[in-house]
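Worksheet: one structure, shown below.
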Amino acid sequence: NAIIGGIFAGLLCRELGSGLGWFLILASGVLGNVLNALVQNPAHGSIGFSTAVFGAAGILSGLRAVGRGLNFRGFAVPVAAGLGLLAMLGSAGENTDLGAHLTGFAAGLVLGLAAGTLKHATEPSVRLQWMMGVASLALLPAAWAWAWLGG
């Protein structure tokens, strides 16, 4: 998770900036874990960074899809590549939470499509980067507190 997540985070932050990049990574992890919790058996217990790692893959896929034009081929190739990474890296192992990986990727894809669309309209300002960076620092402990308290 750390190595692959670091690569994805580096690529994403280079493209969107550190504040917005980390905010979207964490948001995709939180949304993916919430979606996973909604579709799983209530006894299922899983929360981790891998959901955010596959969320970052989804964000990158969404950004590439918007950058190539939202025609079928422009959309299908980056999304298929992201799903290929999900299949190769996120489906092996006895205790792998495929549901969390899939929901993280799906949440990231939606966030990436939105971010790519907005990025084409305007570049994120330094002020927005700082605000998203601070929001990221607040989002992580807030998500853990919510999970700990039984959200």
Side-chain angles (χ1 to χ4, degrees), residues 1-40 44-68 74-120 122-148 151:
N1 280 341
I3 292 171
I4 299 299
I7 292 169
F8 289 164
L11 292 170
L12 190 54
C13 289
R14 187 171 67 195
E15 188 161 338
L16 293 177
S18 295
L20 185 56
W22 277 108
F23 180 80
L24 291 175
I25 291 168
L26 293 174
S28 69
V30 169
L31 291 172
N33 279 316
V34 167
L35 290 170
N36 190 42
L38 291 173
V39 299
Q40 295 284 356
H44 179 79
S46 174
I47 191 165
F49 186 65
S50 62
T51 310
V53 169
F54 289 103
I59 295 165
L60 288 167
S61 295
L63 288 171
R64 296 295 179 270
V66 170
R68 295 180 67 153
F75 181 81
V77 171
V79 173
L83 289 171
L85 284 170
L86 174 65
M88 288 187 311
L89 302 173
S91 63
E94 184 178 321
N95 295 320
T96 300
D97 190 350
L98 186 56
H101 295 173
L102 186 58
T103 55
F105 181 83
L109 181 62
V110 170
L111 291 172
L113 290 169
T117 303
L118 293 174
K119 184 179 179 219
H120 283 352
T122 181
E123 278 296 314
S125 66
V126 173
R127 182 181 214 171
L128 177 67
Q129 293 293 345
W130 274 99
M131 288 182 350
M132 293 293 100
V134 170
S136 297
L137 292 173
L139 180 61
L140 192 56
W144 277 102
W146 185 43
W148 181 264

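Everything quoted here is computed from the prediction, not taken from an experiment.
Under a 3.5 Å cut-off, the side chain of S28 and the backbone N or O of G104 do not form any donor-acceptor pair.
With rounding to the nearest 0.5 Å, the separation of CG in L140 from CZ in F49 is 9.0 Å. Between the CG atom in N36 and the CG atom in L31 there is a gap of 12.5 Å [rounded to 0.5 Å].
Scanning for side chain to side chain donor-acceptor pair (under 3.5 Å) contacts around S50 gives H101, with sequence neighbours left out. Scored by the side chain to side chain contact (heavy atoms under 4.5 Å, CB included) test, L83 finds V79, L86, F105 as partners (sequence neighbours excluded).
The two residues L113 and A65 come nearest to each other via the heavy atoms CD2-CB, 4.1 Å.
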Identify each donor-acceptor pair in which a side-chain atom of residues 3-27 lies under 3.5 Å from a protein atom, sequence neighbours left out, and give them as a table.
residue: E15; atom: OE1; partner: R64; partner atom: NH1; Å: 2.5
residue: E15; atom: OE1; partner: R64; partner atom: NH2; Å: 3.2
residue: E15; atom: OE2; partner: R64; partner atom: NH1; Å: 3.2

